[in-house]
Amino acid sequence: MNGIILYQSKYGATKKYAAWLSEAMGFPCLETRKATLSDVREYDVIILGGGIYASGIAGLSFLKKHIDELRDKRILVFCDGASPYDEAAFQAVVAHNMTGKLSNIPCFYCRGAWNMDTMSFVDRNLCKLLRKSVAKKDPADYEPWEQTLMDAGDDDCDWTDRKYIVPILKELGL
């Protein structure tokens with residue numbers, strides 16, 4: 001089996017998962033923004049990973065753009081975010097992103113990290129505004145992502161774990 005791992009990582013968690021998958025499978029890694037169709041055409045398996053931002057999976061545009069040319073490939077997608085796994089929230093992300101010709105592509109969730117210091121000015125301020133908004137709610141009514149947002153605060157949190165790549169490896173028969 002020959003394959004490649006494409007990833008788009010803003011703050012490092014996706015890159016870490018891509019590296020772990022590369023180590024486990026022997027596949028090379030390539031950032032989606034540097035990837036071209038000719039870079040991936042030679043591979044039988046394509047794994048694409050990206051962080052979740054505003055319900056979208058970073059880097060997925062590469063697949064959407066080239067899905068017709070890659071239809072004979074085995075494609076898997078993984079995404080990561082700060083929230084603990086929540087089936088309803090994950091299915092909402094899948095329903096939002098894996099539409100049309102992407103709807104039959106397996107998608108996996110890996111838990112990411114949180115570090116306000118490494119966030120861009122815009123992201124940091126959006127998170128602060130979002131926290132102020134969530135703080136107005138009764139904590140008993142928080143969604144899992146809201147609870148994580150409030151718990152993390154300004155602390156550094158790294159929830160990445162190799163256990164999250166196990167389902168991806170199992171999907172590929174490894």
Side-chain angles (χ1 to χ4, degrees), residues 1-83 85 89-115 117-127 145 158-174:
M1 175 172 28
N2 72 336
I4 190 167
I5 302 160
L6 303 176
Y7 69 93
Q8 187 164 324
S9 188
K10 196 169 184 179
Y11 297 112
T14 308
K15 184 176 183 177
K16 187 186 284 189
Y17 283 116
W20 287 341
L21 285 165
S22 176
E23 180 183 302
M25 305 176 79
F27 293 178
C29 292
L30 181 63
E31 291 181 83
T32 54
R33 64 189 91 193
K34 296 178 182 176
T36 65
L37 183 57
S38 62
D39 290 327
V40 300
R41 212 178 247 152
E42 68 184 89
Y43 296 102
D44 299 321
V45 176
I46 300 165
I47 300 173
L48 183 135
I52 301 170
Y53 302 101
S55 299
I57 300 173
L60 198 62
S61 58
F62 181 89
L63 279 184
K64 289 179 180 179
K65 180 178 180 182
H66 300 295
I67 194 63
D68 288 330
E69 293 88 357
L70 300 173
R71 67 183 168 276
D72 62 331
K73 308 295 182 185
R74 185 155 186 203
I75 302 171
L76 289 86
V77 170
F78 73 90
C79 54
D80 60 81
S83 295
Y85 181 79
F90 177 63
Q91 289 308 319
V93 168
V94 170
H96 177 74
N97 289 277
M98 307 304 287
T99 59
K101 294 178 181 179
L102 305 183
S103 63
N104 292 321
I105 296 174
C107 190
F108 302 87
Y109 182 79
C110 304
R111 193 158 186 207
W114 177 269
N115 185 332
D117 293 335
T118 62
M119 288 184 192
S120 70
F121 175 79
V122 172
D123 286 350
R124 187 172 40 256
N125 284 312
L126 286 173
C127 287
W145 69 268
D158 185 348
W159 302 285
T160 57
D161 192 310
R162 287 178 186 266
K163 72 181 181 185
Y164 292 111
I165 68 168
V166 171
I168 299 168
L169 297 173
K170 283 183 180 178
E171 178 71 20
L172 292 170
L174 301 173

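Basis for what follows: all heavy atoms, side chains included, without hydrogens, waters or symmetry-related copies.
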| query | With sequence neighbours left out, which residue pairs that include part of residues 25-37 fulfil the side chain to side chain donor-acceptor pair (under 3.5 Å) condition? | reply | Q8-T32, E31-K34, T36-S38, T36-D39
Got a list of side-chain donor-acceptor pairs under 3.5 Å for residues 60-72, not counting sequence neighbours?
unit_1, atom_1, unit_2, atom_2, d
D68, OD1, K101, NZ, 2.6
D68, OD2, K101, NZ, 3.2
R71, NH1, D68, O, 2.2

Which pairs of donor and acceptor atoms, one on a side chain in residues 164-174, lie under 3.5 Å apart (sequence neighbours left out)?
none

Output side-chain donor-acceptor pairs under 3.5 Å for residues 89-99, partner residues at least two apart or in another chain, one line each.
unit_1, atom_1, unit_2, atom_2, d
Q91, NE2, E87, OE2, 2.9
N97, OD1, I57, N, 3.0
N97, ND2, S55, O, 2.7
N97, ND2, V93, O, 2.8

| request: Give, for atom CG of D80 and atom OG1 of T14, the distance between the pair rounded to the nearest 0.5 Å. | output: 3.0 Å
| message | Is the shortest side-chain heavy-atom distance between Y85 and R111 below 4.5 Å? | response | no
| task | Please round to the nearest 0.5 Å and tell me the distance separating atom CG of L30 and atom CG of L6. | result | 6.0 Å
| task | Verify, without hydrogens or angle tests, whether R74 (side chain) and I46 (backbone) share a donor-acceptor contact under 3.5 angstrom. | result | no
| query | Can you name the nearest heavy-atom pair linking R162 to E23, along with the distance? | reply | NH1-OE2, 3.2 Å
| query | Are C79 and Y109 close enough, and set up right, to give a side-chain contact (heavy atoms from CB on, under 4.5 Å), and what steps lead you there? | reply | CA-CA 5 Å; C79 54; Y109 182 79; 4.1 Å; yes
| remark: Residues A13 and A113: closest non-hydrogen pair is CB-N, 4.1 Å
| About how many Å separate CG of L48 and SG of C107, when rounded to the nearest 0.5 Å? | 9.5 Å
| field | salt bridge (charged side-chain N to carboxylate O under 4.0 Å, His left out) against D158, all qualifying residues, sequence neighbours excluded | value | K16
| query | With side chains defined as the heavy atoms from C-beta onward, is the minimum distance between N115 and Y11 less than 4.5 Å? | reply | no
| field | Listed once per pair and sorted, the ring pair (Phe, Tyr, Trp, His ring centres under 6.0 Å) pairs that draw on residues 13-56, sequence neighbours left out | value | Y17-W20
| said: Just verifying a value: how many Å separate I47 CD1 and C29 SG, rounded to the nearest 0.5 Å? | reply: 9.0 Å
| said: Is it true that, when you exclude K15 itself, more than 12 heavy atoms of the residues, nucleotides or ligands shown sit nearer than 6.0 Å to its NZ? | reply: no
